[in-house]
K.L.:
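Encoded as structure tokens, here's the structure I'll be asking about.
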Amino acid sequence: MADRIAVVGSNMVDLITYVERMPNRGETIEAPDFALGFGGKGANQAVAAARLGARVSMVTCVGDDLFGPRTRQNLADNGIDVSHVRSVDAAPSGTAPIFVEPDGENAILIVKGANAYLSPDDIDHAAETLKACDVILLQLEVPLETVYHAVAFGARHGVQTILNPAPANPDIDLSRLYGLDWFCPNESELALLSGMPTNSDEAVLAAARSLIGRGIRNVIVTLGGRGARLITADTAVQIAPVQVDPLDTTGAGDAFIGSFSRFLSGGSTPTQALERASRYAAHAITGRGTQSSYADLAGFEAFCAALENR
Ligand code: RIB
């Protein structure tokens, strides 16, 4: 069924400190601002897709602490089906201390907490929901076995799978991603996972094609300020960046992937979906925080109209 997306992935509570500069080791300095927000790559991608109108289900684990019920409620408030959100006894919820510098760039620590307990069994329990979806969306803040299981599930049941291999994990076994439809690394993740350089356009193409040669169908490489590249077995398409003044780049990659999955499941061609996702991510970096910076459909359309007129 079109327009239904399942996110099998993480949730975190983001502890965002806005700094003038990062402290040196052993140094204490004052920071001007702090914000607590809902994050986690999986939940961020789910919220982006839901705010754009997709019907989203989330398969995730929350902790047995004060953040768990709030995280579940936040997903529900965004219209996301939470029937496969599991609370893990005696585990903390995932948390992410984040530091944002004045130019909008960030540094992130993640403490997986309950996310480390998301298991292949959770996928099996959600099987009927997942089979009814158009897309299963995955990241790497949960155990690799769970990711492999979801990719195999998607291939077995004809549900497209999208994997954003972030944060990069050198232990990933690419042979267990056989049949993955969309692999979406950034340049450094692509270099790590392919074992090849990515320091030129030709190198990126060769590295991506090496993954396609190992059973991954399509690769989308995000290139930061240089846009993105869609690479298939026989084509390579450059997606131009959208220029904006960044306030906070945290969660921009998740805005890109979550919106791409929504546009793709909504019937856009892959190139159209990527062009629109590029705009959605550009809008996200003009606001503070992760999910707090994600537009709904009306806000996104207004941003696109403003881009056309500038
Ligand atoms: O990609 C941004 C996200 O990474 C943050 O929301 C943080 O929770 C970490 O998962």
Side-chain angles (χ1 to χ4, degrees), residues 7-19 34-51 56 58-63 65 67-68 70-72 74-75 77-78 80 85 91-101 104-118 137-144 146-147 162-169 184-189 220-224 228 246-261 277-278 280-295:
V7 179
V8 176
S10 61
N11 66 86
M12 307 267 168
V13 170
D14 288 347
L15 311 157
I16 310 177
T17 305
Y18 294 90
V19 299
F34 173 82
L36 191 66
F38 293 105
K41 295 183 194 305
N44 291 347
Q45 294 174 20
V47 166
R51 288 199 184 149
V56 180
M58 179 111 203
V59 182
T60 195
C61 287
V62 295
D65 56 15
F67 291 143
R70 298 289 299 273
T71 295
R72 185 191 296 265
N74 173 60
L75 294 170
D77 289 347
N78 278 282
I80 295 168
V85 176
S93 291
T95 47
I98 298 177
F99 304 91
V100 180
E101 296 187 83
E105 289 301 322
N106 62 72
I108 302 178
L109 285 165
I110 60 162
V111 184
K112 283 185 182 168
N115 293 293
Y117 293 85
L118 190 72
L137 185 50
L138 303 151
Q139 320 73 32
L140 295 184
E141 289 179 333
V142 298
L144 285 173
T146 307
V147 173
I162 301 177
L163 172 60
N164 171 214
N169 184 340
C184 310
N186 62 25
E187 283 165 293
S188 57
E189 289 155 359
I220 295 162
V221 189
T222 53
L223 305 168
L247 187 64
D248 181 352
T249 59
T250 318
D254 300 329
F256 182 84
I257 305 284
S259 63
F260 168 72
S261 67
S278 192
Y280 190 79
H283 174 271
I285 67 175
T286 64
R288 273 187 161 194
T290 48
Q291 295 172 27
S292 53
S293 68
Y294 295 172

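We count ligands from 1, going down the list as the structure has it; atoms in each ligand are counted the same way. Note: hydrogens, waters and symmetry copies are ignored here, and every other heavy atom, side chains too, is used.
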K.L.:
Please list, in number order, the atoms of ligand 1 under 4.0 Å from a heavy atom of Met12.
P.N.:
8 (O), 10 (O)
K.L.:
In terms of atom number and element, which parts of ligand 1 are under 4.0 angstrom from non-hydrogen atoms of Gly39?
P.N.:
6 (O), 8 (O)
K.L.:
Identify the protein heavy atom lying closest to atom 10 (O) of ligand 1, giving its residue, its atom name and the separation to 0.1 Å.
P.N.:
Glu141 OE2, 2.6 Å
K.L.:
Quick one about Gln291 and Asn74 (side-chain donor to acceptor, distance below 3.5 Å, no hydrogens or angles considered), yes or no?
P.N.:
yes
K.L.:
Has Asp254 got a side-chain atom pairing as donor or acceptor with Gly42's backbone, closer than 3.5 angstrom?
P.N.:
no
K.L.:
Give me the residue, atom name and distance of the protein heavy atom closest to atom 4 (O) of ligand 1.
P.N.:
Lys41 NZ, 3.1 Å
K.L.:
Under 6.0 Å from the six-membered ring centre of Tyr18 and within 45° of its axis: does the NZ or CZ of Arg288 meet both?
P.N.:
yes
K.L.:
With a cut-off of 4.0 Å, which atoms of ligand 1 are near a heavy atom of Gly40?
P.N.:
5 (C), 6 (O), 7 (C), 8 (O), 10 (O)
K.L.:
Quick one: look up the protein heavy atom nearest atom 8 (O) of ligand 1 and list residue, atom name and how far away it is.
P.N.:
Asp14 OD1, 2.5 Å
K.L.:
What residue and atom, counting heavy atoms only, is the protein's closest point to atom 2 (C) of ligand 1, and at what distance?
P.N.:
Asp254 OD2, 3.3 Å
K.L.:
Check ligand 1 against Ala96 and write out every atom of the ligand that is under 4.0 Å from a heavy-atom position of the residue.
P.N.:
7 (C), 8 (O)
K.L.:
Distance from Thr222 atom OG1 to Asn186 atom CG, nearest 0.5 Å?
P.N.:
5.0 Å
K.L.:
Is the shortest side-chain heavy-atom distance between Leu75 and Phe38 below 4.5 Å?
P.N.:
no
K.L.:
So do Tyr294 and Tyr280 actually touch side chain to side chain, heavy atoms under 4.5 Å?
P.N.:
yes
